[in-house]
Structures are given as structure tokens and as C-alpha cells.
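The model shown is predicted, which means the values in this text are computed figures rather than measured ones. Every number for a ligand or one of its atoms is a count from 1 in the order of the listing.
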Amino acid sequence: MSRVLVSGGCGFIGSHLVRRLLREHPDLEVVNIDLLTYAGRPENVADLADDPRYTFVHGDIASADDVARAAEGCDGIINVAAESHVDRSIMGGDEFVTTNVLGTKRLLDHARAHELRYLQVSTDEVYGDVEAPHRSVETDPLHGSSPYAASKAAGDLLVLSYARTYGLNASITRGSNTYGPYQFPEKLIPLFTTNAFDGKDLPLYGDGMQVREMLFVEDHCAAIDLVYHHGAAGEAYNVGAEHEVPNIETAHRIIELTGADPDSLKRVADRPGHDRRYALDCAKLRALGWERRTDFDTGLALTVAWFRENRAWWEAIKSGEAYADYSAKNYGARG
Ligand code: NAD
Ligand code: DAU
């Protein structure tokens, strides 16, 4: 039996990843360390509570003590935990640096001291926006545009430095915009879907022509699993859908799937520093054996259906005071 520490396993991608690791690797135990921030929802992994190969530790990756307690007996670490929302980072919170930079360092220090395998789950946002027809390759320079992206780029650089300086067996995945069940309803797809079900406006930033590569969460987790087990030390791997979609098209598809009023789509003030386009070249990951399995039409239909059937999950979040405060701050000023 081997054992892996996954951070952020109560969040969106983390909860899918923990479930996948337990399902695909019968010889693996999974420890989930999660601080349970606003985005960490124990109910996302409630179905795993009785699994003897699963352990939950309530803790902070920025605390060396919490990390040591959670990582006892582990052979490796997959760092999924992060402050993940660009708009919140623009509001200026310190937690983006504490978790995404210091938290990464704490995990790296532990991995180094105990000679563990390490995987950093990162993002295409570290490349900044890229002009067509270029697709980012792993050796491109890092240019994070938002405080979130800058903090993730700092995390990536720390990982690469530990691989080079200390010989740590560490790799990085850089995923594109991911969607699916359990995504926190502050992000484009779950926000627009749940607003549409409630007859509310869909606030489109700027002209809506910003391009994202929408990747179904199961495809993203399959790549993380593959790179954790077979990726090379000191290497990064892009994980993208290689299918570009402008936000306005995503919005129109959600309107069709939910039957919302097309007039509910409202243009609002743009996100400051907004990246126009991300696009990843994933040849390196494909050479490792990965391929995207779920196309956008299929994945989006599945996702909208999940949000339709799991109203209680997102209503509990959206009816809370903290969510209302965030919404007022983010959208109040946009008109
Ligand atoms: P999320 O916001 O849904 O979940 C983050 C999780 O991390 C939550 O459970 C939260 O409680 C936990 N967490 C936050 N700070 C912590 C701390 N200090 N210690 C322990 N746990 C902490 O995030 P997500 O969308 O699932 O993203 C997961 C990772 O994937 C992030 O690293 C993000 O940068 C990366 N990523 C996300 C996407 C995407 O589109 N969602 C795409 C590419 C990469
Ligand atoms: O690309 C990977 C990144 O994808 C991850 O690193 C981040 O953690 C994840 O949050 C996501 O970042 P984005 O900023 O791309 O996701 P978001 O859902 O916030 O926005 C997607 C696009 O939709 C972006 O161009 C902004 C736009 N948008 C977003 C919101 C919330 C709107 O037009 N209106 C909105 O209300």
C-alpha cells in the first residue's frame, strides 16, 4: 500500500481527484488536508467518509505542523489546494500569497525532508494571455496577469527550483479552465447556470470575446493522476482541451441548455487586467499517454444537468452571507 497526501480535496478539482485516485488505484491510501475555506465543502467528499483508505485532516498547508501531521506515512504529495478565484485576488487578499506561495513552500520543504514524490497542480494562467495562433508550450516564460496568476507562477518557480537545487522528484501540471459538478458557483459556468435556473442576470465581462479552453474535470484529474505516477522530475505538463471557446459562446450554450431568457445576458464592466486568450499545446502530455475524452457539448450538458439535479448543494452556498458579500463587492461596482 502506498499513501498520497492530496491538499484541497474538499474543493472542486480536489474532490474529483481524491475520488478518482481511490477508484483507479486499489493499492493507494489518500489523505486529504483541507483548510475548509469558503470553497472547501466537506459534502463534496461525503460519499468517501466510510472508505478505510481515505482520511481527512482539517489543516492549513501554510502550517509546517499541519503538513507534518497530515503527511505522516505518505510517499507523495499532490498540491491541489489554492485560493483559486481571479476576481477575489483582484480584491487584494493576502491569502493568495499565504496559500499559493507559502503553502507550496511548506509542502515542498516536507517533500524534500522526506524524499517524497511531489506534484504541483498549476494553471494555464501562468503564461498570461497568448496571441493567436501561438499555443503555450511548457518552456514559455511565465507572465501572470492577475495577483492569482502571479501567485501560481511563484509556486511553479519554487517547485522548479526545488527540483533543480535539491533534486526533488517534483513535476507540475498546468491545466486550462476546468468545469463540472461541484464547481463553486463564483466561476463562469456554475454561476451562469445557477443564475439562469433562478431567472437572474448573467453578467458577461466586457465584450465576452475572451477565449478559454474549457476542460471537463474528469479529463483534468486523469492528467494529474498520470503525471503524478509517470511524469518526469523537474518537468511541467500542459493540460488543455485544445478547443477554444469565447465566453459569449459559453453563455449562449448555457442559455440554450437551461431555457433561460436570452435577454438575461448582460454586459458589465470588464475584469481589470483581463487576459484575452489562453491556449495550450498539450503534445508533451499526450506523449505520456493522455487524451481528452469529453468534448465541450457533452461535458457542458452533463454539468448543467448536475446543477439542475443538485439545487440543494448550490443553494446552501448562494444563500449564505459570505457569498452575498462577495457578490455585492464583485458585481456591485460593475453596473
Ligand atoms: P477550489 O477553490 O474549488 O478549491 C480549493 C480548495 O483548497 C478548497 O477546498 C479550500 O478549502 C482548499 N484550501 C484553500 N487554502 C488552503 C490552505 N491554506 N490549506 C489547505 N487547504 C486550502 O479550487 P479548484 O478550482 O478546485 O482549483 C484547484 C487547483 O487547480 C488550484 O491549485 C487551481 O490553481 C488549479 N486549477 C484550477 C482550474 C479551474 O478552472 N478551476 C484550472 C487549472 C488549474
Ligand atoms: O484557466 C485556468 C483558470 O481557470 C484557473 O487557474 C482558475 O483557478 C479558474 O478560476 C479559472 O480562471 P478564469 O478566470 O478563467 O475563470 P472564471 O470562471 O472566473 O472566468 C472565466 C471567464 O469568464 C473569464 O474570461 C472571465 C469571464 N467571466 C467570469 C465571471 C465569474 C464573466 O464574463 N463573468 C463572470 O461573472
Side-chain angles (χ1 to χ4, degrees), residues 6-17 32-42 44-45 57-63 66-67 70 78-90 95-96 98-100 102-104 106-107 120-127 129 144-146 148-149 151-152 155-156 173-180 182-192 195 201-215 217 220-221 224 239-241 245-248 250-251 265-268 270-271 274-278 280 327 330-331 334:
V6 175
S7 68
C10 296
F12 164 47
I13 295 173
S15 60
H16 287 272
L17 179 68
N32 167 16
I33 180 174
D34 198 299
L35 186 56
L36 300 181
T37 68
Y38 77 93
R41 318 292 303 179
N44 293 3
V45 283
V57 175
H58 185 198
D60 184 350
I61 60 165
S63 153
D66 287 0
V67 169
I78 305 181
N79 182 22
V80 188
E83 284 296 332
S84 68
H85 193 41
V86 172
D87 291 317
R88 288 184 193 255
S89 83
I90 292 170
E95 60 276 17
F96 283 82
T98 313
T99 292
N100 300 359
L102 183 61
T104 297
R106 295 282 185 254
L107 293 171
Q120 177 81 353
V121 174
S122 187
T123 166
D124 58 3
E125 299 207 10
V126 297
Y127 298 118
D129 48 8
S145 303
S146 67
Y148 160 73
S151 70
K152 291 296 290 186
D156 281 20
T173 53
R174 295 188 178 136
S176 71
N177 200 304
T178 304
Y179 68 95
Y182 295 108
Q183 187 169 28
F184 196 84
E186 63 190 351
K187 308 282 169 38
L188 178 73
I189 289 178
L191 176 76
F192 278 25
N195 278 11
D201 286 348
L202 316 185
L204 190 69
Y205 295 167
D207 62 6
M209 290 307 291
Q210 306 85 3
V211 166
R212 296 293 183 268
E213 287 195 299
M214 293 296 181
L215 178 68
V217 63
H220 192 160
C221 289
I224 294 170
V239 188
V245 198
N247 293 336
I248 195 162
T250 299
L265 188 60
K266 295 277 164 30
R267 291 201 177 172
V268 298
D270 206 351
R271 174 185 275 175
H274 202 169
D275 282 334
R276 291 296 286 182
R277 173 178 177 266
Y278 304 128
L280 293 176
S327 274
N330 190 43
Y331 295 100
R334 287 200 145 91

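When only modelled atom types and interatomic distance are considered, Arg88 and Tyr38 share a side-chain donor-acceptor pair under 3.5 Å.
Distances shorter than 4.0 angstrom do not occur between any heavy atom of Ser7 and any atom of ligand 1. In this structure, Gly59 counts as a contact residue of ligand 1, since one of its heavy atoms falls inside 4.0 Å of the ligand. Residue contacts with ligand 1: Ser176 is included, with a non-hydrogen atom under 4.0 Å away. In this structure, Glu213 does not count as a contact residue of ligand 2, since none of its heavy atoms falls inside 4.0 Å of the ligand. Ligand 2 lies within reach of His274, whose nearest heavy atom is under 4.0 Å from it.
Summary of contacts: the protein heavy atom closest to atom 41 (N) of ligand 1 is Ile13 CD1, 3.8 Å. When only non-hydrogen protein atoms are considered, atom 35 (C) of ligand 1 lies nearest to Val121 CG1, 4.1 Å. Of the protein's heavy atoms, Tyr205 CD1, 3.5 Å lies nearest to atom 28 (N) of ligand 2. From the protein, the heavy atom lying nearest to atom 3 (C) of ligand 2 is Glu125 OE2, 3.1 Å. Protein heavy atom nearest atom 4 (O) of ligand 1, with residue, atom name and distance: Gly11 CA, 3.5 Å. Scanning all protein heavy atoms for the shortest distance to atom 3 (O) of ligand 1 gives Phe12 N, 3.1 Å. Scanning all protein heavy atoms for the shortest distance to atom 18 (O) of ligand 2 gives Leu188 N, 2.7 Å. Nearest non-hydrogen protein atom to atom 15 (N) of ligand 1 is Thr99 CG2, 3.4 Å.
Close N/O approach between Glu186 and ligand 1 is not found [any backbone or side-chain N/O within under 3.5 Å]. Every N/O-N/O distance between Gly14 and ligand 1 stays at or above 3.5 Å.
When heavy-atom distances to ligand 1 are checked against a 4.0 Å cut-off, Arg41 has no atom that comes that close, whether in backbone or side chain. Of the heavy atoms in Lys152, only side-chain atoms (C-beta onward) come closer than 4.0 Å to ligand 1. Under 4.0 angstrom from ligand 2, there are no non-hydrogen atoms of Thr178.
Within the 4.5 Å cutoff, side-chain heavy atoms of Ile189 are placed close to those of Met214.
The distance from ligand 1 to the heavy atoms of Ser84 drops below 4.0 Å at these ligand atoms: 1 (P), 2 (O), 23 (O), 25 (O). Distances below 4.0 Å separate heavy atoms of Asp60 from the following atoms of ligand 1: 17 (C), 18 (N), 19 (N). Near Gly8, the atoms of ligand 1 lying under 4.0 angstrom from a non-hydrogen atom of the residue are 6 (C), 7 (O), 9 (O), 12 (C). Close contacts between ligand 1 and Ala81 involve ligand atoms 7 (O), 13 (N), 21 (N), 22 (C) [criterion: under 4.0 Å to a heavy atom].
Using a distance-only test at 3.5 Å, with no hydrogens or angles considered, a donor-acceptor pair links the side chain of Gln183 to the main chain of Thr178.
For the pair Val239 and Leu215, the tightest heavy-atom approach, listed with the atom from each and the gap, is O-CD2, 3.6 Å.
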